[in-house]
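Heads up: the structure comes next, in structure tokens.
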Amino acid sequence: MYARSWSSPAAQGSVGRPSFVADHSLWDQARLAAAERIEAALADLDLVRLVFGDPHGLARSKTLTAQAFRTVLRNGMNFSPGPFLFDTGHAVAVDFLGDHGIGVDEITGAGNFILVPDPLTFQQLPGGDTRTAWVIGDEYLRDGTPHPLSSRAVLRRTADRYTAHGLAPVLGLEVEWYLTRRLDDAPGNTGNGFGLQGRAPRVTALNAGYQFNLDAHYDTLAPLTDPLALHLLRLGLPLRSMEHESGPGQVETTFSPMSALDAADAMLLFRTVTKSWCARRGHHASFMSQPLIDAADPSGWHLNQSVTDLASGSNLFGAEGPSGGLSPHGKAYAEGLLAWARELFLLSVPTVNGYRRLAAEHTLAPTRLGCSQEDRTAMLRVVGHGAGAHIENRIGEPCANPYLTIAAQLFAGLEGLTTQAAPADTAATPATGGAPLVPQQLREALDAFRAGRAAQLLGEPLTACLTKLKESELRRYEAWSLQAAPPPGQVTEWEQREYFAAY
């Protein structure tokens with residue numbers, strides 16, 4: 001008897017292109033050194049999960065054997081563009097067989113793009129019998145240029161603009177989400193299809209809620225959230241806290257400040273790992289803003305942001321003297337956020353469901369386009385003073401694409417810092433009605449996005465792609481609403497099927 005030596009030349013078709021990284025000089029010295037360390041350790045791994053964030057902010061992946069990844073690491077891997085073409089309900093939103101109007105030739109016929117692992121994101125996932133690593137990839141066209149539909153490329157370009165100005169953005173994440181217990185293992189596939197989402201997971205709340213930060217309520221979550229916290233720490237994520245929020249089983253998770261790309265990568269990893277961790281234990285985690293759960297209070301994503309001067313290491317937002325507040329630089333940054341808010345709002349609140357949180361009935365929601373020292377109905381809130389001064393933007397929904405959300409904030413803030421945009425009324429007091437309302441529904445935000453200057457941040461192809469994806473999602477929701485005639489102001493079964501499981 002002998003062990004057969006298998007040879008599979010056809011399998012090489014999954015590899016992007018030999019020497020793709022070297023031929024196009026895609027890596028700096030830090031990534032080259034990290035790649036050497038990875039190659040030396042691959043014998044101690046079984047599988048590698050190669051991941052990228054799609055336009056919706058969902059992690060898409062392929063799981064490779066460690067041996068296959070050895071080749072993919074420097075050559076990249078062919079990937080279908082499907083995640084760029086489907087809306088949130090997996091309906092085809094971009095006509096890849098006809099005149100798609102995106103401006104990317106390789107989309108025609110659903111041609112592959114090349115996903116190249118970023119060695120700096122490579123890490124082994126703790127626990128489990130299978131030794132598995134996770135690595136985030138960057139999307140490229142076959143000629144070696146960054147893919148025009150890549151969200152991560154948008155954030156990288158934006159961060160590079162800060163570096164060119166001698167600046168570095170600093171981001172802190174505060175994320176609210178729902179932890180529930182599953183009532184059955186039914187997969188929800190009945191009636192499912194392209195643009196037809198089956199039944200959402202059947203769940204029950206873990207407590208009654210509405211005792212903010214009550215220790216006893218956290219105790220009902222702790223058997224899951226405490227070991228989850230340890231798991232996140234082992235992943236290297238800079239976790240700060242797990243807290244019980246207002247809703248039944250609603251959790252807030254906060255992280256220490258990070259750089260722009262690290263913050264977005266951390267958000268992608270955190271959401272993905274949290275959902276899988278909970279699912280393996282008979283629970284369901286969802287980052288849908290307001291799930292169809294009795295007495296659910298909407299969840300938000302607060303993005304804390306400041307800017308460091310690289311030459312001095314100082315925080316540009318910190319005002320001198322005992323009065324605190326924002327420095328002139330901080331005020332200019334805030335004016336940029338407000339001046340661009342409506343045009344880029346779609347990138348922070350991208351779903352039909354996310355606008356439920358922004359209704360006036362939710363008293364702590366950011367309902368107005370203003371800036372305030374303390375008022376939580378303002379979009380922007382000034383927090384801290386001196387070296388710790390920062391702006392908390394409260395509009396985001398927790399399922400938003402982290403790369404596009406963060407890029408939109410940084411782009412608008414830098415515009416405020418470097419241009420003479422018309423100053424916004426940052427002193428307006430939201431509670432008195434002095435500032436305009438934020439967009440109240442996805443249709444309003446999409447119209448502002450379509451008519452605005454988003455292409456200055458995203459480029460024309462991604463702007464067109466996102467417009468088609470959101471238009472498809474809205475058409476399906478509006479068609480369902482006409483037929484079902486749901487009660488106004490209530491979360492619908494359509495939203496629960498569309499978002500609760502995926503997000």
Side-chain angles (χ1 to χ4, degrees), residues 13-14 16-17 20 51-62 76-116 137-157 192-197 343-347 350-352 400-401 403-405 407-408 442-443 445-480 498 502:
S14 65
R17 184 167 298 173
F20 187 78
V51 180
F52 74 100
D54 72 6
H56 306 296
L58 294 169
R60 306 289 177 174
S61 71
K62 293 187 179 183
M77 184 174 190
N78 286 327
F79 242 92
S80 165
F84 295 135
L85 311 178
F86 297 120
D87 71 10
T88 52
H90 212 65
V92 178
V94 178
D95 181 12
F96 58 90
L97 295 178
D99 182 13
H100 49 71
I102 298 298
V104 181
D105 290 342
E106 286 166 282
I107 290 295
T108 304
N112 286 332
F113 67 91
I114 296 178
L115 188 66
V116 176
D138 289 302
E139 309 100 303
Y140 290 91
L141 298 177
R142 291 189 289 274
D143 65 3
T145 57
H147 201 296
L149 304 184
S150 168
S151 301
R152 199 167 189 257
V154 171
L155 181 55
R156 195 189 295 276
R157 290 197 304 268
N192 206 351
F194 291 92
L196 298 169
Q197 296 297 290
E343 295 167 79
L344 300 179
F345 205 87
L346 180 75
L347 303 182
T351 73
V352 170
N401 183 320
Y403 301 99
L404 297 184
T405 298
L442 182 58
R443 174 62 68 187
L446 178 57
D447 288 345
F449 178 81
R450 183 189 284 115
R453 302 165 289 173
Q456 292 185 31
L457 165 66
L458 304 174
E460 295 287 353
L462 184 52
T463 302
C465 181
L466 287 171
T467 299
K468 289 178 180 291
L469 294 175
K470 292 292 114 180
E471 189 62 55
S472 175
E473 178 183 340
L474 263 171
R475 278 199 308 267
R476 291 189 299 103
Y477 172 70
E478 290 168 352
W480 177 89
E498 187 84 0

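The chain is numbered in sequence order, starting from 1.
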Among all residues two or more places apart in sequence or in another chain, which pass the salt bridge (Lys or Arg N to Asp or Glu O under 4.0 Å) test with [X]?
{"X": "Arg142", "result": "Glu106"}
{"X": "Asp54", "result": "Arg60"}
{"X": "Asp447", "result": "Arg450"}
{"X": "Arg453", "result": "Glu343"}

Tell me, please, which residues at least two apart from Phe449 pass ring-ring contact (aromatic ring centres under 6.0 Å, His included).
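So Phe449 forms no ring-ring contact (aromatic ring centres under 6.0 Å, His included) with any residue.
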
Checking His56 now: which residues fulfil ring-ring contact (aromatic ring centres under 6.0 Å, His included) with it, not counting sequence neighbours?
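Partners of His56 by the ring-ring contact (aromatic ring centres under 6.0 Å, His included) criterion come out as none, since no residue qualifies.
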
Take Phe79 and Ile114 through the side-chain contact (heavy atoms from CB on, under 4.5 Å) test and state the conclusion after the steps.
CA-CA 6 Å; Phe79 242 92; Ile114 296 178; over 6 Å; no

What donor-acceptor contacts under 3.5 angstrom involve side-chain atoms of residues 455-469, with partners at least two apart or in another chain?
residue	atom	partner	partner atom	Å
Thr463	OG1	Gly459	O	2.8
Thr467	OG1	Thr463	O	2.8
Lys468	NZ	His100	O	3.4

Closest approach of [X] and [Y], non-hydrogen atoms and distance?
{"X": "Leu58", "Y": "Ala502", "value": "CD2-O, 3.4 Å"}
{"X": "Leu115", "Y": "Gly137", "value": "CD1-C, 3.5 Å"}
{"X": "Leu141", "Y": "Phe20", "value": "O-CZ, 3.6 Å"}
{"X": "Pro81", "Y": "Ile107", "value": "CB-CD1, 4.0 Å"}
{"X": "Ala408", "Y": "Leu347", "value": "CB-CD1, 3.8 Å"}
{"X": "Asn78", "Y": "Lys62", "value": "O-NZ, 3.5 Å"}

By side chain to side chain contact (heavy atoms under 4.5 Å, CB included), which residues pair with Asp105, not counting sequence neighbours?
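In terms of side chain to side chain contact (heavy atoms under 4.5 Å, CB included), with neighbours along the sequence ignored, Asp105 is linked to no residue.
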
Backbone N or O of Phe96 within a donor-acceptor pair of the Thr108 side chain at under 3.5 Å?
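Absent.
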
Say whether, by atom type as modelled, one donor and one acceptor occur between the side chain of Asn401 and the main chain of Pro55 under 3.5 angstrom.
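A pair under 3.5 Å: yes.
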
Evaluate the side-chain contact (heavy atoms from CB on, under 4.5 Å) criterion for residues Glu473 and Glu478: first the C-alpha distance (whole Å), next the side-chain angles of each, then the deciding distance (0.1 Å), finally the verdict.
CA-CA 9 Å; Glu473 178 183 340; Glu478 290 168 352; over 6 Å; no

Report the relative orientation of the aromatic rings in Phe52 and Phe113; use parallel for angles under 30°, tilted for 30 to 60°, perpendicular for over 60°.
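Because their plane-to-plane angle is over 60°, the rings of Phe52 and Phe113 count as perpendicular.
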
Tyr140 and His147 aromatic centres sub-6.0 Å:
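Ring centroids of Tyr140 and His147 are no less than 6.0 Å from each other.
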
Nearest 0.5 Å please: distance from the OG1 atom of Thr88 over to the OH atom of Tyr477.
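Reported value, rounded in 0.5 Å steps: 12.5 Å.
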
Mind checking what makes side chain to side chain donor-acceptor pair (under 3.5 Å) contact with [X], not counting sequence neighbours?
{"X": "Arg476", "result": "Asp87, Glu498"}
{"X": "Ser61", "result": "none"}
{"X": "Tyr403", "result": "Asp265"}
{"X": "Glu139", "result": "Ser150"}

Hey, mind stepping through Arg152 and Leu155 against side-chain contact (heavy atoms from CB on, under 4.5 Å) and telling me if it holds?
CA-CA 5 Å; Arg152 199 167 189 257; Leu155 181 55; 5.8 Å; no

